[in-house]
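The chain is numbered in sequence order, starting from 1. Being a predicted model, the structure only gives us computed values, none of them experimental.
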Amino acid sequence: MTGTNSFSVSGYGPERAGWTKIFARDSLTRRLDWPILLAATALSLMGSLLVYSATRNRTEINQGDPYFFLIRHLMNLGIGMALMIATVWLGHRALRNAVPILYGLSVLLALVVLTPLGATINGQRNWLVIGGFSLQPAEFLKVSIILGMAMMLAARVDAGDKPHPDHRTVFQSLCLATVPILILLLMPDLGSVLAMVAIILGVLLASGSSNRWVFGLLLTGVIGCVAIWQLHILDEYQINRFAAFANPDLDPAGVGYNTNQARIAIGSGGLTGAGLFHGSQTTGQFVPEQQTDFVFTVAGEELGFLGAGLIIFLLGVLLWRACRIARDSTELYGTIVAAGIVAWFAFQSFENIGMTLGIMPVTGLPLPFVSYGGSSMFAVWVAVGLLQSIKVQRPMSA
């Protein structure tokens, strides 16, 4: 179809898809993965209610406006959805050509954090504050790592030159991932580093690389953790968090306070919870950073096991559908990108929920789609756009 109002979806057949074919039988909208889209939207909307509940009475941070964080969370959601639409529109194959630029920009932003332009928020110097808006470059590095490694690992395989990535290609892709990890260690942002390692493992497993690289990476990770501890790279508050995780009774009024209050909040919710906006721990502001890192405690206390279970269920639906997209992709590049996103979402969800339950150390990683934060919301919705693009651009016969 031709015309001034037509648009093309990269890789979506030889013809151009016009506006009049949006709802056709084989149209773009019908080929979207709606379970992923609905699950991500439901999680984001649930997050808006939980963020509102956690912040409506906190006048010291909401500037006297109970809707301050709610409005901004919904604005972040709107921008995130717009980024998702733009990502689907451009297509993951078109973005493949822009990976070097995207990677360079994300690394540059992370480097700026290490300069006097960087800002410290909640004890972590991993932010940029520009004109009143805060930005966390580490979130965009996750997307860049996935795209960059996928581009390198799949280049010769998708071209038909190799059945799987050779050792040289794997080594080069790991070098690509090492640069942002070193930058994050200098901040230091240990939570994002752990998420990066999970992403790298997922990418290597999906690429068909030799298992020796996977085992070597795990061994390197163990050695790296020991070296970080011995060289005192971590800040004191991060060391205290691990100490509190190892021994929850070490300092219940100090370093162990967050985790103890989080477990009290979740445990008090029971099966159905105290009711939205009626949680005593939440209303009493006993749990710090409840709109960001500890937002799951609001669900546990006010919505109970059923409400918290619904969040886990929706995350499970999203991961299940993403795994199917990775499996069904007809090109290695799409498989690796989808698998990297699965590893990212799975690890970050497990870590965030686990730290509120006391089974994982506190690292400051947000709960995807649910926690308050623009950078995280933008990044996860771009990831949803990548998943949708891989699904949409698969040939109908696949």
Side-chain angles (χ1 to χ4, degrees), residues 43-44 46-55 58 61 69 73 122-124 189-192 194-195 198 237-238 240-316 318-319 344-373 376-377 380:
L43 285 167
S44 299
M46 284 188 68
S48 66
L49 291 176
L50 300 178
V51 167
Y52 172 64
S53 179
T55 60
R58 300 197 62 179
I61 62 172
F69 284 92
H73 186 86
N122 298 327
Q124 291 185 312
D189 185 353
L190 185 59
S192 294
L194 294 175
Y237 78 93
Q238 292 174 314
N240 290 336
R241 284 178 175 179
F242 280 99
F245 166 70
N247 183 8
D249 298 325
L250 178 64
D251 186 7
V255 295
Y257 178 81
N258 289 21
T259 303
N260 288 331
Q261 293 300 322
R263 286 187 292 184
I264 291 172
I266 294 175
S268 65
L271 180 63
T272 58
L276 195 61
F277 313 135
H278 292 91
S280 59
Q281 291 289 111
T282 301
T283 303
Q285 305 173 23
F286 290 102
V287 183
E289 305 305 325
Q290 205 168 12
Q291 76 276 14
T292 53
D293 300 347
F294 288 90
V295 70
F296 189 75
T297 63
V298 186
E301 181 183 25
E302 299 189 345
L303 304 180
F305 176 80
L306 295 179
L310 177 60
I311 290 178
I312 297 175
F313 171 76
L314 291 171
L315 288 168
L318 198 154
L319 293 173
W344 167 17
F345 286 1
F347 174 81
Q348 197 155 309
S349 299
F350 179 78
E351 163 60 28
N352 179 276
I353 295 174
M355 74 182 187
T356 63
L357 298 174
I359 61 174
M360 293 293 287
V362 177
T363 58
L365 287 175
L367 184 59
F369 303 99
V370 183
S371 293
Y372 175 80
S376 174
M377 187 70 79
V380 295

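In terms of heavy-atom proximity, Val51 sits nearest to Thr55 at O-OG1, 2.7 Å. Shown here for Ala54 and Val298, the closest heavy-atom pair between the two residues is CB-CG2, 4.0 Å. Nearest heavy atoms, Pro368 versus Leu315: O-CD2, 4.4 Å. Counting all heavy atoms, side chain and backbone alike, Ser44 lies closest to Met377 at OG-SD, 4.0 Å.
Considering only heavy atoms from C-beta on, Leu314 stays 4.5 Å or farther from Phe369 through its side chain. Between Leu50 and Ile311, the closest side-chain pair of non-hydrogen atoms falls below 4.5 Å. Residues Phe347 and Leu194 have side chains in contact (heavy-atom distance under 4.5 Å, counting atoms from C-beta outward). Between Leu357 and Ile266 there is a side-chain heavy-atom pair separated by less than 4.5 Å. Residues Leu276 and Leu303 are in side-chain contact: their nearest non-hydrogen atoms beyond the backbone lie under 4.5 Å apart. Side-chain contact between Phe345 and Leu319: present, with at least one pair of heavy atoms (C-beta onward) separated by less than 4.5 Å. Side-chain atoms of Arg58 and Gln291, non-hydrogen and from C-beta on, do get closer than 4.5 Å to each other. Under the 4.5 Å side-chain criterion, counting only non-hydrogen atoms from C-beta, Glu301 is in contact with Ser280.
The structure places CG of Leu365 at 11.5 Å from OG1 of Thr292, a figure rounded to the nearest 0.5 Å.
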Item to check | Candidate pair Leu306 and Leu271, rule side-chain contact (heavy atoms from CB on, under 4.5 Å), full reasoning | outcome: CA-CA 6 Å; Leu306 295 179; Leu271 180 63; 4.0 Å; yes
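Listed by chain and number, the residues in a ring pair (Phe, Tyr, Trp, His ring centres under 6.0 Å) with Phe294 amount to none (sequence neighbours excluded).
Counting only residues at least two apart or on different chains, the side chain to side chain donor-acceptor pair (under 3.5 Å) pairs with a member in residues 347-357 are Lys142-Gln348, Trp344-Gln348, Glu351-Thr363.
Side-chain atoms of Glu302 and Ser53 include a donor-acceptor pair closer than 3.5 Å.
By the 6.0 Å contact criterion, CZ on Phe277 is enclosed, its count of non-hydrogen atoms from other residues, nucleotides or ligands being greater than 12.
Each of Glu289, Gln261, Arg263, Gln290 was scored for a side-chain hydrogen bond (donor to acceptor under 3.5 Å, both in side chains) with Thr297, with one residue passing: Gln290.
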